[in-house]
Amino acid sequence: MLIQSPNFNIQQIADSGQCFRMNKINENQYSLIAYSKYIVLTQIDSDKVEINCSEEEFEEVWKDYFDLEYNYQQIVDNLTNGQDTFLKAAAEYGNGLRILKQEPFEMLISFIISQNKNIPAIKRTIEKLCIKYGSLIENELCGGIETYAFPTPESLAGARLEDLRETGLGYRDAYILRSAQSVVNREIDLTKLRTLNTDEVMKHLTKLHGVGVKVANCVSLYGLHHIENAPVDVWIARVLKEIYQNKFDWKKYEGIAGIIQQYMFYYMRNHT
DNA sequence: CCCCAGGCACAGA
DNA sequence: TCTGTGCATGGG
């Protein structure tokens, strides 16, 4: 499947900190595991991406996953024509970013793991968790490398704490176990959170052990596609303080704060 | 060896 | 409600 879009850059998305299972395999080529599927993405041109999957699978999964119906160019245009010089530069720099629609449970567990870890360490831990608790993905594209889906809530809820610890989770092992159990025994219904407003979503998610405001925001944005809310991590906090002297007005970007946050994060973290 | 990482729970004020 | 602190582990 060949996708044409002025705002679809797989390198930028892979390095945007929102997903942890998208990896460079060649120049202009990335692998991605999501929804128990494996695909290879190739950046053919600045506005063309080849996805190695059937049209049926594209329509069913990836069109939605990459949020391809949404017009990011409109936002980029508004920022590059606007008064804010930092966001102007950030939007130009990260104009191929999109907010992915990832699996809520995977986001919950992944961002619990993310606390107090850097991104390479997060990715390593997640891969170990998938190898140990995920099911094997059958796809010839994997090229002989055993590839595993993200674990189901049931598989993690039934794990032993000391086995979880072996995957490098550290003190987060109990957070993972208890959160998975909360999903399985329906103390929380992640898919139902899609329809609630941001305050309600945050209230429910932060009840989970090991889930604070930051992690909840990431689950909300990347797993439930609440693009109106913006996670504030150390990088965004740095932007708000150093660039805006803590006077940034999120209300200017009501409804799309999560997307604005993504341009900020990617620019601050990656540009030299 | 050092410091820090897309934070959190918990204790004490 | 706010601030400080310990936390397991690995990358740089």
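In this text the structure is predicted, and so the values were computed from the model without any measurement.
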Enquirer: Between C/dG6 and B/dC3, how far apart are the P atoms? Round to whole Å, please.
Expert: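 Result for the P pair: 15 Å, nearest Å.
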
Enquirer: Nearest whole angstrom, please: distance from the P of B/dA5 to the CD1 of A/Ile236.
Expert: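 Rounded to whole Å, this separation is 14 Å.
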
Enquirer: Please give, in whole Å, the distance from B/dC8 P to A/Met202 CE?
Expert: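 Those two atoms, CE and P, are 9 Å apart.
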
Enquirer: Taking only the C1' atom of each, what is the distance from B/dA9 to C/dG10 in whole angstrom?
Expert: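 Pairwise C1' distance, B/dA9 against C/dG10, rounds to 22 Å.
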
Enquirer: Distances under 3.5 Å between protein N/O atoms and the N/O atoms of nucleotides 9-13 of chain B, please, pair by pair.
Expert:
| residue | atom | partner | partner atom | Å |
| --- | --- | --- | --- | --- |
| B/dA9 | OP1 | A/Gly210 | N | 3.0 |

Enquirer: So which of residues 108-127 of chain A are in contact with DNA chain C, with a heavy-atom cut-off of under 4.0 Å?
Expert: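 Under 4.0 Å from DNA chain C: A/Asn116, A/Asn118, A/Arg124.
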
Enquirer: For A/Leu169 and C/dC7, what is the distance between atoms CG and P respectively, to the nearest whole Å?
Expert: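 Spelled out: CG on A/Leu169 to P on C/dC7 is 18 Å.
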
Enquirer: Is any side-chain heavy atom of A/Leu87 less than 4.5 Å from a side-chain heavy atom of A/Tyr267?
Expert: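 Not in contact.
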
Enquirer: If the threshold is 4.0 Å, N to carboxylate O, is there a salt bridge linking A/Lys132 and A/Glu166?
Expert: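 Counted as a salt bridge, because a side-chain N and a carboxylate O are separated by less than 4.0 Å.
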
Enquirer: Let's test your reading of the model: under 3.5 Å, does the base of B/dG6 pair with the side chain of A/Tyr266 as donor and acceptor?
Expert: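 Under the 3.5 Å cut-off, the side chain and the base do not form any donor-acceptor pair.
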
Enquirer: For B/dA11 versus C/dA8, give the span between their P atoms, rounded off to a whole number of Å.
Expert: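 About 15 Å, rounded to a whole number of Å.
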
Enquirer: With the threshold set at 4.0 Å, does a side-chain nitrogen-carboxylate oxygen contact exist between A/Lys24 and A/Glu27?
Expert: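 A/Glu27 and A/Lys24: salt-bridged.
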
Enquirer: Counting only side-chain heavy atoms from C-beta out, which of B/dC8, B/dG6, C/dA8 sits nearest to A/Val215?
Expert: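 Minimum distance to the A/Val215 side chain belongs to B/dC8.
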
Enquirer: Look at the side-chain heavy atoms of Ile, Leu, Val, Met, Phe, Trp and Tyr, link any pair under 4.5 Å apart, and say whether A/Ile259 and A/Met107 land in one connected group.
Expert: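 Yes; A/Met107 is reachable from A/Ile259 via cluster members.
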
Enquirer: Can you measure A/Ile176 atom CD1 to B/dC8 atom P for me and round it to whole angstrom units?
Expert: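 That distance rounds to 12 Å.
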
Enquirer: Run the ring-centre check on A/Phe111 versus A/Phe20 and record whether the distance is less than 6.0 Å.
Expert: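 Between A/Phe20 and A/Phe111, which both carry aromatic rings, the centre distance is below 6.0 Å.
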
Enquirer: Nearest whole Å is fine: how far is B/dG7 C1' from A/Arg238 CZ?
Expert: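 Rounded to whole Å, this separation is 14 Å.
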
Enquirer: Scan A/Glu166 against the nucleic acid and name what it touches under 4.0 Å (heavy atoms): base, sugar-phosphate only, or nothing.
Expert: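 The answer is nothing, as A/Glu166 stays clear of every strand by at least 4.0 Å.
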
Enquirer: In whole angstrom, give the distance that lies between atom CZ of A/Arg269 and atom C1' of B/dC4.
Expert: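 A/Arg269 atom CZ is separated from B/dC4 atom C1' by 13 Å.
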
Enquirer: Using a strict threshold of under 4.0 Å (side-chain N to carboxylate O), is an ion pair present between A/Lys203 and A/Glu200?
Expert: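 Salt bridge flag = yes for A/Lys203 with A/Glu200.
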
Enquirer: Hey, is A/Asp67 close enough to A/Lys101 for a salt bridge, meaning N to O under 4.0 Å?
Expert: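 Counted as a salt bridge, because a side-chain N and a carboxylate O are separated by less than 4.0 Å.
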
Enquirer: State plainly whether one hydrophobic cluster holds both A/Ile119 and A/Val219, where clusters connect Ile, Leu, Val, Met, Phe, Trp and Tyr through side-chain heavy atoms under 4.5 angstrom apart.
Expert: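 Yes, A/Ile119 and A/Val219 fall within the same hydrophobic cluster.
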
Enquirer: Rounded to whole Å, how long is the line connecting atom CG of A/Asn217 with atom C1' of B/dC8?
Expert: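 Rounded to the whole Å, the gap is 14 Å.
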
Enquirer: Give a yes or no on whether a salt bridge exists between A/Arg165 and A/Asp173, defined as a side-chain N under 4.0 angstrom from a carboxylate O.
Expert: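 Answer for the salt bridge query: yes.
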
Enquirer: If you group Ile, Leu, Val, Met, Phe, Trp and Tyr by side-chain heavy-atom gaps below 4.5 Å, do A/Leu208 and A/Val183 land in one group?
Expert: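 Yes: a chain of side-chain contacts under 4.5 Å links A/Leu208 to A/Val183.
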
Enquirer: For C/dT3 and B/dG6, measure between their C1' atoms and round to the nearest Å.
Expert: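 Between the two C1' atoms, the distance is 22 Å.
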
Enquirer: Let me know the distance between CZ of A/Arg172 and P of B/dG6, rounded to the nearest Å.
Expert: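 For the pair A/Arg172 CZ and B/dG6 P, the rounded distance is 11 Å.
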
Enquirer: Indicate, with a heavy-atom threshold strictly under 4.0 Å, whether A/Tyr222 touches base, sugar-phosphate, or nothing.
Expert: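 The answer is base, as A/Tyr222 lies within the cut-off (heavy atoms under 4.0 Å) of a base atom.
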
